[in-house]
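Comments concern the structure below.
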Amino acid sequence: VDAASSDQLEGRPVWAAVPGFPRGLGFVSHARALADTQSGQIAFLATPARTAAELTPTLLERGLRVIDLSGGHRLPAEQYPDWYGFEHPFPDALDEAVYGLPELLPAGALASARLVANPGCYATAAALAAAPLLKARLVRPGAPLVIDGKSGTTGAGKTLSEPMLFSEAADDVRPYRVGKHQHTPEIERALSRYAHAIVKVAFTPHVVPMRRGLLCSVYAPASDEAKPEDVVAAFDGVYAEAPGVEVRADAPPETKRTLHAPQAEVWGHLDPRTGTLSAFCALDNLVKGAAGQAIQNMNALIGEHLQAGLQPAPRSAT
Ligand SMILES: NC(=O)c1ccc[n+]([C@@H]2O[C@H](COP(=O)([O-])OP(=O)(O)OC[C@H]3O[C@@H](n4cnc5c(N)ncnc54)[C@H](OP(=O)(O)O)[C@@H]3O)[C@@H](O)[C@H]2O)c1
């Protein structure tokens, strides 16, 4: 790591703010980090979406490659005012951005990318759960997917807000941003591209009283031909070569099993009684749902094994 930037933490050692980070590197201001950038470096942006959208063209012009962990490059320009509340300042960059959900991309799709849109946490889990159902055409044609997402409080980021105070969030489960969450169009776009068909989703996120961990449950009516064994085959087929996704053999995933881990867990099921498909994905929203996926994307950019540098968490960490 050549530089880490923060105006608030300028001058402080990175390890003091990021437990486990090797000693020796200190935070520099954003201006200093930008001035010191060099061609060939990779910049990770974990800023507000608008900031990332504004910074990216400068970094690309300087010969850096960019992995944007914010929502600054995940949607078409016309959707930014509705879902992010701003006009995208550099729509040309959106044409170039590759949506970095490596397990659902063709091999080599990221190798020459200059700009990677690192997917959102809910979007990652929803897409990983739903993709096998769509690829195997198990969902009744035209039916929307109903997606129920649950996340710990770190899903709201570090910005101070009253509903996320311990006193407010503890002992409570609540839906939020119903019909308005910015990952809704992101999920639709990712799945529509993957399935080569228009996919609509009704997505409701919930905040649950834990710090980290995220579960998406996806429901859809099954096509007339779908059988329970097709669901098993669909998940095994899509993720056979995917080191970042573990298909559970005979039980739904649990967030506890994925805490601190770079892998997501998935599982699908068909209830023949009601003809309803259900699919689940659990992940750590700060690892496979954010920083771990960004490292996977960096590995894809530089030709490393996807999981290089990402150690499976010891079960004791859960
Ligand atoms: N996976 C998840 O569950 C999850 C959840 C929420 C958010 N996120 C993503 O994580 C990131 C951080 O989110 P957040 O809600 O904690 O905080 P945020 O308000 O979105 O971003 C704060 C960070 O952006 C930096 N920043 C602000 N303006 C900047 C500028 N002009 N140039 C460079 N850096 C600038 C801040 O630097 P200072 O240190 O100087 O203040 C701070 O480090 C975002 O990209 C967000 O999309 C992920």
Side-chain angles (χ1 to χ4, degrees), residues 1-75 77 80 84 86-100 102 109-121 154 157-160 262 285-311:
V1 178
D2 294 323
S5 78
S6 168
D7 286 350
Q8 290 189 61
L9 300 173
E10 183 184 2
R12 291 188 58 196
V14 176
W15 61 262
V18 185
F21 197 89
R23 298 195 174 218
L25 192 71
F27 283 106
V28 296
S29 69
H30 299 308
R32 168 78 190 278
L34 189 58
D36 288 349
T37 51
Q38 290 174 23
S39 177
Q41 291 177 324
I42 296 177
F44 294 82
L45 301 180
T47 68
R50 187 202 293 249
T51 307
E54 288 167 350
L55 271 172
T56 293
T58 306
L59 293 166
L60 296 178
E61 274 165 24
R62 292 183 183 196
L64 282 80
R65 300 165 94 184
V66 174
I67 298 176
D68 178 9
L69 284 88
S70 83
H73 295 93
R74 298 178 192 156
L75 299 179
Y80 274 88
Y84 279 91
F86 65 91
E87 289 281 348
H88 201 285
F90 295 102
D92 287 354
L94 298 171
D95 298 334
E96 150 151 38
V98 180
Y99 189 71
L110 287 159
S112 59
R114 292 200 310 160
L115 170 57
V116 180
N118 207 62
C121 47
T154 51
K158 283 186 78 173
T159 310
L160 197 59
N285 54 301
L286 301 181
V287 191
K288 179 59 181 164
Q293 187 140 262
I295 298 293
Q296 283 187 310
N297 282 318
M298 178 191 73
N299 288 335
L301 294 187
I302 62 175
E304 279 283 350
H305 183 265
L306 211 51
Q307 302 301 98
L310 294 168
Q311 298 300 323

Non-hydrogen atoms of [X] and [Y] that approach each other most closely:
X	Y	answer
A308	I295	O-CG2, 3.8 Å
F90	A53	CD1-O, 3.3 Å
L60	L64	CD2-O, 3.6 Å
V98	L110	CG1-CD2, 3.6 Å
V116	G100	CG1-CA, 3.8 Å
G72	L94	O-CD2, 3.7 Å

**Request:** For the pair M298 and F44, evaluate side-chain contact (heavy atoms from CB on, under 4.5 Å) and give the outcome as yes or no after the intermediate values.
**Result:** CA-CA 9 Å; M298 178 191 73; F44 294 82; 3.8 Å; yes

How long is the gap from [atom1] on [X] to [atom2] on [Y], to the nearest 0.5 Å?
X	Y	atom1	atom2	value
S5	E10	OG	CD	10.0 Å
D95	H73	CG	NE2	10.5 Å
Q8	H30	CD	NE2	8.0 Å
R74	N118	CZ	CG	7.0 Å
Q296	E304	CD	CD	13.0 Å

**Asked** Hey, does the side chain of D7 reach the backbone of S29 with a donor-acceptor pair shorter than 3.5 angstrom?
**Response** no

**Asked** Short question: side chain of R65, backbone of A113 - any donor-acceptor pair under 3.5 Å?
**Response** yes

**Fill in**
Which of I42, D68, T37 passes side-chain contact (heavy atoms from CB on, under 4.5 Å) with L59? It is T37

**Reference residue I67; test side-chain contact (heavy atoms from CB on, under 4.5 Å); the match among L301, L115, L45** = L301

**Asked** Aromatic rings Y80 and H88: how do their planes relate, parallel, tilted or perpendicular, breaks at 30° and 60°?
**Response** perpendicular

**Message:** Using a 6.0 Å cut-off, check whether atom CZ of R32 has over 12 heavy atoms from anything other than its own residue.
**Reply:** no

